[in-house]
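A note on names: the letters A, B, ... follow the listed sequences, proteins ahead of strands, and every chain is numbered from 1.
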Protein chains: 2
Amino acid sequence: MANTAKFDRREVLEKATRLFWQKGFHATSTRDIQQAIDMRPGSIYAAFGSKSGLFREVLRFYAENMTDQLTRCLTANSTVLGGLRAFFRLLLLEGSSDAPSELCLLAKSLSELDEEESELLRETRALLAATEEAFRLQVEKAVGRGELGPATDTALLARQLQIQLIGLRSYLRATGDRGAVSQVIDHLFEGLPGDKS
Amino acid sequence: MANTAKFDRREVLEKATRLFWQKGFHATSTRDIQQAIDMRPGSIYAAFGSKSGLFREVLRFYAENMTDQLTRCLTANSTVLGGLRAFFRLLLLEGSSDAPSELCLLAKSLSELDEEESELLRETRALLAATEEAFRLQVEKAVGRGELGPATDTALLARQLQIQLIGLRSYLRATGDRGAVSQVIDHLFEGLPGDKS
DNA sequence: ACCATTCTTGAACGATCGCTCAACCCGACT
DNA sequence: AGTCGGGTTGAGCGATCGTTCAAGAATGGT
């Protein structure tokens, strides 16, 4: 018995993520979803419970993919800072051509979710905090390797990376100016090595 | 003849702005608006044409208020950089207690508006570009006054301010951590005076 | 071959959406 | 006092929203 003739959950989540990422939670109707993932309402509700339930899984799926991309950038570069820089360039300059939105889905959700959808908002905040913590761990590793001065405030630098990344993605959506974005990224990472107090 | 017994347009825009700022364009229903501004649908549509038309005026009203606040911060400080810093602190630390949202309404709209609502999106982008240009003019003034080195790239610095401001407001909504925000603002403005190549 | 069980289907529910319009109200002018 | 005309009103339009559920299709066990 059990799982017979089921859908491919990963594929469904991929398609749903693209849709939510492009249009946002509120502006995506369940009928949009039905069409995009080729499932009927009953099946969707059996599998995910509600539109919110599906979105919750989408948020996690998105964050997981982001983490994977960061890991890939780090292993492909000899230095931690080089890896972080590659990650920024990937999200902002290279990957953005086929991405559903210039923005981070988490930042977009943080923006549109009301306090009334408190569970989704909590989930979003938790995933963003996890991203910042991932940055902090990498910064710490960079300090350990001597890429950054030993007095580096790792929590502050991770926070700054998070702020810059979200700000840059907003800026890209506002202007579409990749040259300007590229210039800011360069200044951001060039200003790092010989660190402060 | 003409305008008899009319509503106070400014007061209406203030209330509508608070509402849209809090809930966003899509999540705000026309019935929410009717209640908030105490007008019936017919009057609203006679005055503003549509929900989009009202929102367009709200965006302009909001941007105008932001500009006023920036001007006030600049005249209240002896240096341009001090004025800019006060503006950042006002939006992020002081003013945010009674604001409808931690986020910038323009950034929020940029995030949720689809390409199909192209006129609103265009308006939003134009108002953000105007803000960046206002920053650039102030940075130029700071260079002229010797607060910044003569080789300062004013366009780049203005862009960085814009990116940081939006990023910081997102971060505040994500974490609610004013101490962290304050620390980033301090580092941001302390790193400026003795400028680069 | 036949039941038992699970998954899928799509019509349809009540709620709410943005918006319209015929009827009404009321100050301005003669 | 009477008429005119723009401003206001609120019931209600058709569309769409998130969600449900009875009925059908598909599978595994015997």
Side-chain angles (χ1 to χ4, degrees), chain A residues 1-13 15-59 109 112-121 123, chain B residues 1-13 15-59 109 112-121 123:
Chain A
M1 60 186 96
N3 276 0
T4 63
K6 287 266 283 303
F7 56 92
D8 180 340
R9 197 175 184 91
R10 176 174 187 89
E11 191 185 320
V12 162
L13 278 176
K15 289 177 177 168
T17 299
R18 287 194 70 85
L19 192 61
F20 275 125
W21 191 0
Q22 178 195 119
K23 311 188 61 166
F25 177 68
H26 287 128
T28 302
S29 74
T30 53
R31 282 160 182 87
D32 290 334
I33 299 169
Q34 289 164 34
Q35 196 191 358
I37 70 180
D38 192 32
M39 285 175 72
R40 262 38 64 195
S43 300
I44 298 176
Y45 278 79
F48 300 102
S50 65
K51 184 185 171 185
S52 297
L54 172 57
F55 191 64
R56 211 169 68 117
E57 294 215 27
V58 160
L59 287 173
S109 304
E112 76 164 328
L113 291 175
D114 201 90
E115 308 291 344
E116 288 154 23
E117 293 126 343
S118 60
E119 196 199 314
L120 290 176
L121 194 52
E123 185 78 37
Chain B
M1 60 182 101
N3 277 359
T4 63
K6 287 265 283 303
F7 56 92
D8 179 340
R9 198 173 183 93
R10 175 174 188 88
E11 190 184 319
V12 162
L13 278 177
K15 289 177 178 168
T17 299
R18 287 194 69 85
L19 192 61
F20 275 124
W21 192 0
Q22 182 196 115
K23 311 188 62 166
F25 177 69
H26 287 128
T28 301
S29 74
T30 52
R31 282 160 182 87
D32 290 334
I33 298 169
Q34 290 163 35
Q35 196 191 358
I37 69 181
D38 192 32
M39 285 173 74
R40 261 41 62 194
S43 299
I44 298 177
Y45 279 78
F48 300 101
S50 66
K51 185 186 170 185
S52 297
L54 173 57
F55 191 64
R56 210 169 69 115
E57 294 214 26
V58 159
L59 287 173
S109 304
E112 76 164 327
L113 290 175
D114 201 90
E115 309 290 344
E116 288 155 22
E117 293 124 344
S118 60
E119 195 198 313
L120 289 177
L121 194 53
E123 184 78 38

Peer 1: From CD1 of B:Ile33 over to C1' of C:dC19, roughly how many Å is that when rounded to an integer?
Peer 2: 12 Å

Peer 1: Ignoring hydrogens, what is the shortest heavy-atom contact between B:Ala36 and B:Lys15? Give both atom names and the distance.
Peer 2: O-CD, 3.3 Å

Peer 1: Mind checking whether A:Phe55 and A:Phe25 have parallel, tilted or perpendicular rings, split at 30° and 60°?
Peer 2: tilted

Peer 1: What is the distance, to the nearest angstrom, from the NZ atom on A:Lys23 to the P atom on D:dG18?
Peer 2: 10 Å

Peer 1: List the atom of B:Leu59, the atom of B:Leu120, and the distance in Å for their closest heavy-atom pair.
Peer 2: CD1-O, 4.2 Å

Peer 1: Once you round to the nearest 0.5 Å, how far does CG of B:Leu13 lie from CZ of B:Phe7?
Peer 2: 8.5 Å

Peer 1: Whole-Å distance between C:dG18 C1' and B:Phe55 CZ?
Peer 2: 16 Å

Peer 1: Are the side chains of A:Leu54 and A:Ile33 in contact, using a 4.5 Å heavy-atom criterion?
Peer 2: yes

Peer 1: Distance check needed: C:dA11 C1' versus A:Gln34 CD, whole Å only.
Peer 2: 12 Å

Peer 1: OP1 or OP2 of D:dC17 less than 4.0 angstrom from a side-chain nitrogen or oxygen of A:Ser29, does that happen here?
Peer 2: yes

Peer 1: If you measure from CD on A:Glu117 to CD on A:Glu112, what distance do you get to the nearest 0.5 Å?
Peer 2: 8.0 Å

Peer 1: Rounded to whole Å, how long is the line connecting atom NE2 of B:His26 with atom C1' of C:dG18?
Peer 2: 12 Å

Peer 1: Contacts to DNA chain C from residues 35-49 of chain A, heavy-atom cutoff under 4.0 Å, which residues?
Peer 2: A:Arg40, A:Pro41, A:Gly42, A:Ser43

Peer 1: Under 4.0 Å, counting only non-hydrogen atoms across every strand here, what does A:Thr28 touch: a base, just sugar-phosphate, or nothing?
Peer 2: sugar-phosphate

Peer 1: Can you tell me the distance, in whole Å, between the CZ atom of A:Arg31 and the P atom of C:dT9?
Peer 2: 16 Å

Peer 1: In this structure, how many angstroms lie between the P atom of D:dG6 and the CZ atom of B:Phe7, rounded?
Peer 2: 16 Å

